[in-house]
Amino acid sequence: MAADLTGKRALVTGGSSGLGEDITRELAASGAKVGFNYHSEKNKAESIAEDLKKNGADVITMQADVSDRTLAAEMVSDIIEKWGGIDILVNNAGIDGRYALSWEADLDEWERVIKINLFGQFYCAREALKYMIPKKSGVILNITSVHETIPWTGYSSYTVAKAGLSMLTKTIAQEAGPFGIRVLSLAPGAIKTPINKNVWGNPDTLKDLLEKIPFGRMGESSEVARTVAFLVSDAASYITGSTIFVDGAMVDYADFSHGG
Ligand code: BGC
């Protein structure tokens, strides 16, 4: 059953591809007005928006780099200006970064991953909260990863950003809880999107990946998007301050299925 988000005003960051695209589509299909930003894929973003508008949705697209604090704040204020407020922020924009062992990592690249995956989420959350706190209403959902808890060789910047984002969720949930604002994380596992095509596009690396998932298959982005729509809806009214894993039990130490 689809969640009911009728009349809610939402911002989805990084909404033009991968998980973000499906989240945008699902929120719109559930009745929300949806604004989403893209970084570089203007045509793709516009075609998603056209598609949704054809189905009667109220949608706006914005070009912005979430790691730029001014642009991130402007995105939130654009939504507030256009629709008179913001009810839902889905902090989804993120990149894996390039594989590099810590002692070989390029520092600019290392910092860039943290800036997009953690600073960007903070900038958007901060701006949304400035509106939500006095209204005593709103939901912020941060897309983390199973790597908020599972270390990942070659991706130290990514794991640090996601673990930090998880703690940001908990801390802001504590701060904003007395104002009735929910803040939570959704941690996807291996979801089949362009971000990890290098893994699922190759039979050997795919086999290795599937061995890490007790459920035996990768997830679909629609499975994440449906969960997001539920979590940001009033049906999830008492869920705040924690991470919901959508990962086929990937955090469940699959290696222990054969001894230990
Ligand atoms: C990453 C994917 C990866 C998955 C499982 C996600 O956070 O973005 O590239 O496949 O974690 O390792």
Side-chain angles (χ1 to χ4, degrees), residues 12-24 36 38-41 66-67 90-102 105 109-122 141-170 184-228 231 242-257:
V12 179
T13 67
S16 64
S17 76
L19 288 181
E21 175 179 349
D22 274 33
I23 293 169
T24 296
F36 67 97
Y38 58 91
H39 181 235
S40 42
E41 297 181 295
V66 293
S67 68
V90 181
N91 263 327
N92 162 77
I95 57 167
D96 279 4
R98 282 196 294 273
Y99 176 95
L101 296 171
S102 297
E109 173 66 8
W110 202 88
E111 288 178 10
R112 191 172 77 95
V113 173
I114 303 245
K115 282 188 183 146
I116 294 171
N117 292 2
L118 179 59
F119 286 30
Q121 326 298 333
F122 178 71
L141 186 142
N142 295 318
I143 302 292
T144 59
S145 162
V146 285
H147 298 296
E148 68 162 63
T149 176
I150 306 178
W152 192 14
T153 287
Y155 294 94
S156 60
S157 184
Y158 184 78
T159 55
V160 164
K162 294 299 188 178
L165 185 55
S166 164
M167 185 49 83
L168 185 68
T169 293
K170 292 181 208 169
L184 59 162
S185 298
L186 182 151
I191 311 298
K192 200 169 181 183
T193 67
I195 210 171
N196 47 21
K197 187 160 192 254
N198 59 328
V199 178
W200 57 260
N202 170 318
D204 295 332
T205 47
L206 176 62
K207 180 172 175 291
D208 177 68
L209 173 65
L210 295 182
E211 282 166 7
K212 295 180 169 70
I213 309 171
F215 213 54
R217 67 167 175 86
M218 294 186 77
E220 297 295 331
S221 53
S222 59
E223 294 179 294
V224 173
R226 280 202 307 273
T227 313
V228 169
L231 289 173
S242 52
T243 296
I244 313 306
F245 287 86
V246 181
D247 70 338
M250 199 177 201
V251 286
D252 203 14
Y253 295 98
D255 269 358
F256 276 83
S257 62

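For ligands, and for the atoms within them, numbers begin at 1 and follow the listed sequence. Numbering of residues begins at 1 and proceeds along the displayed sequence.
Within the structure, ligand 1 lacks Lys162 among the residues with a heavy atom less than 4.0 angstrom away.
Thr149 contributes no side-chain N or O that, together with a main-chain N or O of Val146, makes up a donor-acceptor pair within less than 3.5 Å. Gln121 contributes a side-chain N or O that, together with a main-chain N or O of Ile116, makes up a donor-acceptor pair within less than 3.5 Å. Remark: the backbone N or O of Thr144 is not paired with any side-chain donor or acceptor of Asn142 at under 3.5 angstrom.
Residue Tyr158 has at least one heavy-atom neighbour below 4.0 Å for each of these atoms of ligand 1: 1 (C), 6 (C), 7 (O), 8 (O). Per-residue contacts place Ser145 under 4.0 angstrom from the following atoms of ligand 1 (heavy atoms of the residue considered): 6 (C), 7 (O), 11 (O).
With hydrogens left out, the protein atom closest to atom 4 (C) of ligand 1 is Gly189 O, 3.6 Å, a heavy atom. Of all protein heavy atoms, the one closest to atom 11 (O) of ligand 1 is His147 CD2, 3.2 Å. In terms of protein heavy-atom proximity, atom 8 (O) of ligand 1 is closest to Asp96 OD1, 2.6 Å. In terms of protein heavy-atom proximity, atom 10 (O) of ligand 1 is closest to Asn196 ND2, 3.1 Å.
Residues meeting the side-chain contact (heavy atoms from CB on, under 4.5 Å) test with Ser222, sequence neighbours left out: Asp22, Glu220, Arg226. By the side-chain contact (heavy atoms from CB on, under 4.5 Å) test, Ala100 is found to be paired with Ala105, residues two or more places apart in sequence or in another chain being considered.
Once rounded to the nearest 0.5 Å, the distance linking CZ of Phe122 with OG of Ser67 reads 15.0 Å.
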